Amino acid sequence: MQLLKGQKVDITKGKGVRDLTIRLRWNTEHAGISVDAAAFLLSGQNRCERDEDFIFYGNPVSRDGTVSHTAEGENEESLLISLSGIPEQYARIAVTLTIYEGEQQNLRMKELSGLQLSLMDHKNGEELYRFDYGTDLSDETAVVAGELYRHQGEWKFSAVGSGFNGGLAALCKSYGLEVEPEAGNEAAATAELVEKTETIEKVLEKAEGEVDEVEKAEKVEKVENVEKSETILPQTAPAADVNVLSSIDLRKKIVGFTLVKKQLTDVKARVGIVLDITGSMRNLYSSGIVQEVVERILAVACQLDDNGSLDVWVYDTEFSRLPPVTERDLGSYVFTHIMNNDSIHKFGRNNEPPVMEDVIRKYTREEKDTTPVFIIFINDGGVVKPTKKVIMASSSLPIFWQFVGIGDSDFEVLKQLDTMGGRLVDNANFIHLDRIEEVNDEQLYDQLLNEFPQWLKAAKAKRIL
């Protein structure tokens, strides 16, 4: 079936398609034009929440393996998407084409022809839909070919086919990824892009005006929550070398904004994380969610601790104090130091007091200091009642316990923290995040740092700090 620009069609509903191949083809007027296909995995806010959500030949497979990129030939690339396995945090998948160094080399989309997108059932190779587009493109250097998106529990496809100025750098910016400019003649390029750069929102609105070509019941949905374009500098290195800020860099920026909001910019603290490694946590470790949690908390440590390191403990019935994690060794930290470490007791039952006592021992005896301590305690339920006694006993110490409950347990003990008496100051807080992987960074950091400022004030008043 041939699609028209602006048309939306069902992909999974009534078709049983589980794995989808998206094949992109094009022709070039001369051999000097290089074209790259890519996919942006987008959250409900229509942005990439981390750099790894940008899938292209330099990052060909998503973290969970559900989206992969392959180059089929000189003028053809494909994306294989396992629709049934896409994590819930992804609401859309934008499919794009960009001309490599189009702005720098004065190459434009009008120099391409035969732009075609095919949607195929990967299981049997059947072509479900074909979308020919691009005849209306002119001076653009990128194009949003189409979007897969969720609708009432199913996947649909929107034929967009609208051009975008500014090349890959501007495209990344509009989807929430920050690109650091390389050295070079940036001023002239900036002036040019200020005049020409559009946001994804404007591009899709342009497509929306052309939907009348298709007789259909529904309107083309508008993309919301896209930040307005700022001055953007183009890439000057090959696409594989685009200096996209790492996810930890982006998260440090978000933490920085949160510290300003909480009036904590002048605060220094030692930061530690205690990770539940009981049996019910097994899937969260194997799926990479715990690794990501460590990265997200490391961003807090990098902003609060002059050493830029995060102290780490894991526990079940026993506990282990692990080497601190830094940006340098973050990449495989959970696998190397936890999952592949036979000395760690794993996947037993809960027993919080021993690990909490070791935290206290480290900061008040081994490394006695007046610097406040901020502990993020990750737990998925089953906290033993003696935990309350440790919290009460440590209320006169320079340690704040931020408990984070994940999963659907009732957290009976932790819910009593706000009403717990017998303490010099309120030294603990509890937040419940059912699926922490679906909570965006802004929300996470806002909740993590919500009561820390009040504790600092109270601890100073009681001369704990």
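Predicted model only: the values in this text are computed from it and were never measured.
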Taking atom CD of Q263 as the centre, does the number of heavy atoms from other residues, nucleotides or ligands within less than 6.0 Å exceed 12?
no
Show your reasoning for whether side chain to side chain donor-acceptor pair (under 3.5 Å) applies to S43 and Q89.
CA-CA 6 Å; S43 67; Q89 64 260 34; over 6 Å; no
Under 3.5 Å, is there a donor-acceptor pair linking the side chains of T98 and D36?
no
For E103 and G166, indicate whether the former's side chain and the latter's backbone hold a donor-acceptor pair under 3.5 Å.
yes
Looking at E442, E327, E292, which one forms a salt bridge (charged side-chain N to carboxylate O under 4.0 Å, His left out) with R251?
E292
Let me confirm one number: the CG-CZ distance from L448 to R296, rounded to the nearest 0.5 Å.
8.5 Å
Kindly determine whether V95 and L117 satisfy side chain to side chain contact (heavy atoms under 4.5 Å, CB included), including the steps that lead there.
CA-CA 10 Å; V95 180; L117 181 151; 4.2 Å; yes
Salt bridge between D316 and K346, side-chain N to carboxylate O under 4.0 Å?
no
From Q443 CD over to L433 CG, what is the distance, rounded to the nearest 0.5 angstrom?
9.0 Å
How would you list, by chain and number, every residue that makes a side chain to side chain contact (heavy atoms under 4.5 Å, CB included) with E111, sequence neighbours excluded?
E29, H30, I33, L107, R108
Working for ring-ring contact (aromatic ring centres under 6.0 Å, His included), residues Y129 and F131
CA-CA 7 Å; Y129 304 101; F131 177 38; over 10 Å; no
State whether the side chain of D329 and the backbone N or O of T326 hold a donor-acceptor pair below 3.5 Å, judged by distance alone.
yes
Can you find a side-chain donor-acceptor pair between E147 and S158 that sits under 3.5 Å?
no
Donor + acceptor pair across side chains of Y90, D53 (<3.5 Å)
yes
Exercise: do Q116 and D132 side chains pair donor with acceptor under 3.5 Å:
yes
Side-chain ion pair, D446 and K262, N-O less than 4.0 Å
yes
With rounding to the nearest 0.5 Å, note down the distance linking CD in Q152 to CG in D10.
10.0 Å
Whether R282 engages the ring of F347 as a cation-pi pair (distance to the six-membered ring centre under 6.0 angstrom, angle to the ring normal within 45°) should be assessed.
yes
Do the numbers put K261 on top of the ring of Y445, so that NZ or CZ is under 6.0 Å from the six-membered ring centre and no more than 45° off the axis?
no
Can we say K268 and D305 salt-bridge, meaning some charged N sits less than 4.0 Å from an Asp/Glu carboxylate O?
no
Does the side chain of E127 pick up a donor-acceptor pair with the side chain of S118 at under 3.5 Å?
yes
So which heavy atom on I436 is nearest to which on I289, and how close?
CG2-CG2, 4.2 Å
Can you confirm whether the side chains of D276 and Y285 place a donor and an acceptor under 3.5 Å from each other?
no
At their closest point, which heavy atom of N350 faces which heavy atom of V383, and how far apart are they?
ND2-N, 4.3 Å
Look at the side chain of S82 and the backbone N and O of T66, then say whether any donor-acceptor pair between them is shorter than 3.5 Å.
no
One pair to check against side chain to side chain contact (heavy atoms under 4.5 Å, CB included): V359 and W313. What are the steps and the verdict?
CA-CA 8 Å; V359 170; W313 286 262; 3.7 Å; yes
Step through it carefully: locate the ring centre of F452, locate the ring centre of F374, and say whether they are under 6.0 Å apart.
yes
If only atom types and distance count, is the side chain of T336 paired as donor or acceptor with the main-chain N or O of Y333 below 3.5 Å?
no
